[in-house]
Amino acid sequence: MELSKVYDARQVEERWYARWLESGAFGADPAGAGAGRPAYCITIPPPNITGSLHIGHALNSTVLDILTRWRRMAGDLAVCVPGTDHAGIATQNVVEREIARQGLTRHDLGREAFVERCWEWRREYGDRIYLQMHRLGCSFDWSRARFTLDASYVDAIYHEFLEWWRRGLIYRGARVVNWCPRCRSAISDIEVNAEERAGKLYHFRYPFADGSGHVVVATTRPETMLGDTAVAVNPADERYAGLVGKVVRLPLAERDIPLIADEYARMDFGTGAVKVTPAHDLDDFECGLRHALPQVVVITEDGAMAPAAGEPYAGMDRFAAREAVLRDIAARGLLERTEDYTVKTPLCDRCKSVLEPLLSEQWFVKQAELARPAAEAVRDGRIRFHPERYAATYLHWLDNIRDWCISRQLWWGHRIPVWWTDDGRYAAGRNVDEAATALDVDPASLRQDADVLDTWFSSALWPQAVLGWPAQTPDLRAWYPTNVLATAQEILYLWVARMVMTGLDFVGDVPFRDVYITPTVLDERGERMSKSKGNGVDPLDMADRYGADALRFALMQQTGMNQDLRFSEERVRLAGAFCNKLWNASRFVLMSLAETASRQGDTIEWPVDRALLTTPDRWILSRLTRCAEAVRTAFESYRFDEAARSLYAFLWDDFCDWYVELAKPRLRSDDPGEAGLAASVLRVTLETTLRLMHPMMPHITEAIWQALQPHDEHAAREALLMVQPFPEPRPGWVDPHAEDRMALVIDATRALRNLRAEAGIPPGARLRGAAVAGVGSAATTLSENTDTIAHLARLSEIGMRDAAPTTDGRWIGAPIRGAEVFVDIGDALDIPKELERLARERAAVERDIERASARLGNPQFVQRAPADVVAKERANIEALQGKRAKLQTRAALLGG
RNA sequence: GGGCGAAUGGCUCAGUGGCAGAGCGCUUCCCUUACAAGGAAGGGGUCGGAGGUUCGAAUCCUUCUUCGCCCACCA
């Protein structure tokens, strides 16, 4: 079958993806495990149902697909399980935005109707990201796709909640939590992004109640002063030695509050006195507990001032109240001073609103007991991070972990399975009846907790839950622990650490053995991509313009152990050129196979007798073997950039630039055996290369592979490249001798091309005497390859000489290692110019000789450097001296 | 305030102790029947600064500068 002249990525990609899907080759049967086939499993980081594929997904999916395709070809029972996440806040936000266009809020709809709207969203858009992954060529097992609100998944979450509940790990507590007034929900500590903003630090005078003066406190959030219930100073602070215990008259609120001593107050900041607002600051909250201070809530859940703020502030927006408080304090002459100050402003990770620390009742999970084993698994190497440095980050977090706030005041998500009585008692259960039994009340009298669970509470179970846990399914038995988790560093804590906790705690083993942290994709200027900046790159657009394989390859060229990666469209274009190169090289091979077959009726079958192979044959097979080794090593160590580099260099430089060119005259040879042999080596090299490249560039390699097969186009599953064996190590193909010989041929060719270019000789010009000369093994190698060199150097013919010409000056020449090349350019020789060139070259050689002899002249070097390094240097200087001698002889001959 | 990255030719990046590499861009030549998304030949870097270790440093150590990321309860 023939390949079209122009490589049409889109058509090829659509066609072969459809064929793969049809073949069922993405799936795997767990029954195959244990029968000598190692199991290999990856679960994808489930994208939000709100999202469409962005460039980060494209990179991640490509990595997962490469690993899966590689292990599948290597013979593992490999499967990559996809899925999506309900993404509580994110989804609720988009649905709220959608209904807002009809002028509705979620409260207008009511909880049930609103949740139904979310489900509608999920049904409509929830799987669209799968189709986008299809476009990239992902060989995920779509039949196993899971969603975090699937009935069976909900089962897993109840199991998790109730088990932790039973063990007393889940508790309810009043805490100051980070509250998003826009989302109207608590969020966990790690969903907070602090941003430094220019702000002010205000110094207020708080008068003593007895009129004996005042104390000065500083604040960046003046409106919170309405909730102050104390002023604290450090007990060691001599400035306040006699003042502790005095009563302060809180301005505006006109409440009396105590001046207390607490080590939390820092002596080196401001005046050393700090206002304490237990309901609106985490530290103040803890300080308040120590001193049994009242907690006055002055800001509500929607960011307005609460009734306790008093008139005229109650009901004002928090930022308006800030201005009002400032004005009123200043009016009373209590504003001592205002200074510019960089304020660390906590922002909501989801909606970027300024968060408000707020006192509220939430559900928490105790972390200490769960964190310890999760840290241990990394310390003892059961889980390995790639790059390794992330292990330290992970451990640092786990070693300093705080309890996890798991309740969210949202409607979309897993509702917390706790039921309340009217008088404030509660119990957890799989359903209301279980809770009623536990509380010994009538189920009809119970109300379910209004909150839902943090999204990460469900994704924490991902690897085991998608494999069927808590049921002991064949999938779970075959594929747990999974092999690799590949994800972005931003969810290292949010997700990765939590999965390790639940895996160890519930399944009794780590959820994955390797964690590969992918680089963050930045835009061309090195800035983070974001919707608001509008600098995002649409991977589907890239795939449509340059091909999915080109996008994959371009991304992988930059995906190593880096922290981030600058996306470059130019690279994608160039990867497209690489695809084109592969396509055309393959067309050449196909054409050659067809021609040799027609001439001799049959192509020489592989394997052929190694003794028949020429130096270039052995060379290309040797290079191919080294490339295969490099690719395998690269995949094993998540160095996709190295794999890409090796493949690129092998295909383009070794195969196309040298081997194919070397093969051309042989294919035209009068000896059909010679032509058949060359065609056969071309074929086996290309086939092996295709198998090596397939995980990275699946579509184009499959298309070419199929074209190489002598069958009709309705390929059976077994005939697909995607299930062919990945190239095995073949130490027998490595041939250093052939590589040496080819290196000499290449050197000679390059030197001749260079001479030709410098002398301005047109290609193919009939020259009376292009020649090579050499001694010893070089002479043998060169003499066996004069035709080859002539062809490569585009010279009509090349002679072999014993030595440099000594009588006729109309030659130009260049020394190469152990040999010399010449071109007779007759009268065209410009002697002064040639002498100049020789002098230039000689100067360069002299410089090298000088450097080398300086080294060898250093007794320390000779004494202490390893013997092979010294020997190499000696050989080097000898070669250089030989080169110098030849240059001198040439110059002398020309009268220089 | 801590921790971690990055700094290599005009650009984007490889390179973990032994003579500085690739791709793109640039210069010159070539549409040679696989490929002009191509081929050939070139030019181009005192490897961010300063110290140190070593026979030898882009590479190891110290320190500084610039940029980025993560973490942290300092009004």
Side-chain angles (χ1 to χ4, degrees), chain A residues 3 5-7 176 189-190 194 201-202 217-221 224 232 264-266 268-277 281-287 341 343-344 357 387 389-390 392-393 396-397 400 489-490 492-493 520 522 524 526-528 546 550 557-558 560-568 570-571 573-592 641-642 645 648-649 652-653 656-657 660-661 664 749-750 753-758 760 762-764 792-794 848 851-852 855 858-866 868-870 872-873 876:
Chain A
L3 301 181
K5 168 132 188 164
V6 182
Y7 174 54
V176 170
D189 296 339
I190 44 184
L201 184 63
Y202 305 97
V217 298
T219 182
T220 55
R221 296 187 296 149
T224 63
Y264 150 58
R266 283 184 33 183
D268 58 352
F269 189 91
T271 59
V274 58
K275 60 193 270 311
V276 182
T277 322
D281 182 281
L282 188 62
D283 297 312
D284 291 10
F285 171 76
E286 281 163 7
C287 176
Y341 197 72
V343 182
K344 294 233 171 102
R389 65 184 122 93
Y390 289 110
T393 315
H396 181 260
W397 185 72
N400 297 282
Q489 62 161 317
E490 61 183 7
L492 186 59
Y493 310 129
T520 306
L522 308 176
E524 317 220 322
E527 286 174 35
R528 247 196 154 81
Y546 307 103
Q557 279 181 301
Q558 295 198 266
M561 292 299 169
N562 296 327
Q563 179 174 286
D564 42 41
L565 163 175
R566 276 189 202 208
F567 182 81
S568 152
E570 178 66 1
R571 262 181 193 271
R573 189 181 67 76
L574 294 166
F578 181 58
C579 290
N580 193 59
K581 188 74 176 174
L582 170 63
W583 187 258
N584 280 294
S586 304
R587 285 206 309 131
F588 175 79
V589 173
L590 279 166
M591 208 181 71
S592 306
D641 54 339
E642 286 184 354
R645 234 188 317 282
Y648 188 98
W652 206 306
D653 302 342
C656 292
D657 287 351
V660 166
E661 292 308 317
K664 280 176 183 174
T749 304
R750 289 202 166 125
R753 283 170 176 173
N754 175 274
L755 289 176
R756 226 196 54 211
E758 290 203 19
L792 293 172
R794 304 204 136 263
D848 289 347
R851 189 166 45 193
R855 273 181 141 199
N858 180 351
Q860 304 267 44
F861 172 73
V862 180
Q863 217 167 53
R864 301 197 192 176
D868 61 315
V869 173
V870 177
K872 216 172 118 190
E873 198 64 58
N876 182 35

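To find a chain, count down the sequence lines: A is the first, B the second, and so on, and within it residues start at 1.
- Remark: the A/Gln563 side chain and the B/G68 base include a donor-acceptor N/O pair separated by less than 3.5 Å.
- In this structure, the side chains of A/Glu873 and A/Val870 stay at 4.5 Å or more apart for every pair of heavy atoms.
- The phosphate of B/A41 (OP1 or OP2) has a side-chain N or O of A/Arg753 nearer than 4.0 angstrom.
- Of all nucleotides listed (B/G18, B/A75, B/G38), B/G18 comes nearest to the side chain of A/Arg855.
- The backbone N or O of A/Leu565 lies less than 3.5 Å from no partner atom in the side chain of A/Asn562, so there is not a single donor-acceptor pair.
- Taking 4.0 angstrom as the limit, A/Trp583 places none of its side-chain polar atoms (N or O) nearer than this to OP1 or OP2 of B/A37.
- Contacts of A/Arg573 with the nucleic acid, taken as non-hydrogen atoms under 4.0 Å apart, are absent.
- In this structure, A/Asn858 reaches the sugar-phosphate backbone alone: every heavy-atom distance under 4.0 Å involves primed, P, OP1 or OP2 atoms, never a base.
- Side-chain atoms of A/Asp284 and base atoms of B/C73 include no donor and acceptor less than 3.5 Å apart.
- Taking only side-chain nitrogens and oxygens, A/Tyr341 comes nearer than 4.0 Å to OP1 or OP2 of B/A75.
- Across all strands, A/Pro866 comes closer than 4.0 Å to base atoms (heavy-atom distances).
- Looking at A/Arg851, its side chain comes within 3.5 Å of the base of B/C19 through a donor and an acceptor atom.
- Going from atom OH of A/Tyr390 over to atom C1' of B/C70 covers 9 Å, rounded to whole Å.
- OP1 or OP2 of B/G39 has at least one side-chain nitrogen or oxygen of A/Lys581 nearer than 4.0 Å.
- Looking at the side chain of A/Val660, the nearest of the listed nucleotides B/A34, B/A41, B/G18 is B/A34.
- For the P atom pair drawn from B/C13 and B/C69, the interatomic distance equals 15 Å after rounding to whole Å.
- Between B/C47 and B/G10, the distance separating the two P atoms is 13 Å to the nearest Å.
- Searching all strands for a Watson-Crick or G-U wobble partner of B/G21 with both distances below 3.5 Å returns B/C13.
- Contact between the side-chain N/O atoms of A/Arg645 and the OP1/OP2 oxygens of B/A22 is not found at any separation under 4.0 Å.
- Using atom P as the reference point in both B/C24 and B/C64, the two lie 41 Å apart (nearest Å).
- In plain terms, the two heavy atoms of A/Arg566 and A/Gly526 that are nearest each other are NE-CA, 3.8 Å.
- For the pair A/Thr749 and A/Gln558, both in contact range of RNA chain B, the more 5′-proximal nearest nucleotide belongs to A/Gln558.
- Within the structure, a side-chain polar atom (N or O) of A/Asn562 is placed less than 4.0 Å from OP1 or OP2 of B/A14.
- Across B/G18 and B/C60, the matching C1' atoms stand 15 Å from one another, rounded to whole Å.
- Residue-level contact check: A/Gly576 touches the bases, meaning some heavy atom is under 4.0 Å from a base atom.
- Distance check on atom P: B/A14 versus B/G52 gives 30 Å, rounded to whole Å.
- Nucleotide B/U27 forms a pair with B/A41, judged by Watson-Crick or G-U wobble geometry with both contacts under 3.5 Å.
- In this structure, A/Ala577 reaches the bases: a heavy-atom distance under 4.0 Å links it to at least one base atom across the strands shown.
- For the pair A/Lys872 and A/Asp868, the salt-bridge criterion is not met [side-chain N within less than 4.0 Å of a carboxylate O].
- When Watson-Crick and G-U wobble pairs are counted only if both distances are under 3.5 Å, B/C4 pairs with B/G68.
- Applying the side-chain hydrogen bond (donor to acceptor under 3.5 Å, both in side chains) test to A/Arg528 and every residue at least two apart in sequence or in another chain returns nothing.
- Nearest-nucleotide assignment on RNA chain B puts the 5′-proximal partner with A/Ala585, out of A/Ala585 and A/Val274.
- Note on A/Leu282: nothing from the nucleic acid sits closer than 4.0 angstrom, heavy atoms only.
- Using a 4.0 Å heavy-atom criterion, one finds that A/Asp657 contacts the sugar-phosphate atoms exclusively.
- A donor and an acceptor atom sit less than 3.5 Å apart, one in the side chain of A/Lys664 and one in the base of B/A34.
- Rounded to whole Å, the P atom of B/A50 lies 28 Å from the corresponding atom of B/G43.
- Cation-pi geometry between A/Arg855 and A/Phe861 is met: the NZ or CZ atom falls under 6.0 Å from the ring centre, inside 45° of the normal.
- In this structure, A/Ser592 has no side-chain hydrogen bond (donor to acceptor under 3.5 Å, both in side chains) partners at least two apart in sequence or on a different chain.
- As rounded to whole Å, 9 Å separates atom P of B/A72 from atom CH2 of A/Trp397.
- Using a 4.0 Å cut-off, no side-chain N or O of A/Arg756 falls inside it from OP1 or OP2 of B/A40.
- Contact check, A/Asn754 against B/G42: a side-chain N or O comes under 4.0 Å of OP1 or OP2.
- Contact annotation for A/Ala649: no contact, since no heavy-atom pair falls under 4.0 Å across all strands.
- For the C1' atom pair drawn from B/U66 and B/C73, the interatomic distance equals 30 Å after rounding to whole Å.
- Counting any heavy atom pair closer than 4.0 Å across all strands shown, A/Cys656 reaches a base atom.
- The side chain of A/Lys872 approaches B/G18 more closely than any other nucleotide in the set B/C71, B/G18, B/G38.
- Relative orientation of the A/Phe578 and A/Trp652 rings is parallel, given thresholds of 30° and 60° on the angle between their planes.
- Separating the P atom of B/A40 from that of B/C35 is a span of 15 Å, rounded to the nearest Å.
- At a threshold of 4.0 angstrom between heavy atoms, the contacts of A/Arg750 are confined to the sugar-phosphate backbone, with no base atom among them.
- Using a 4.0 Å heavy-atom cutoff across all strands shown, A/Gln489 reaches sugar-phosphate atoms only and no base atom.
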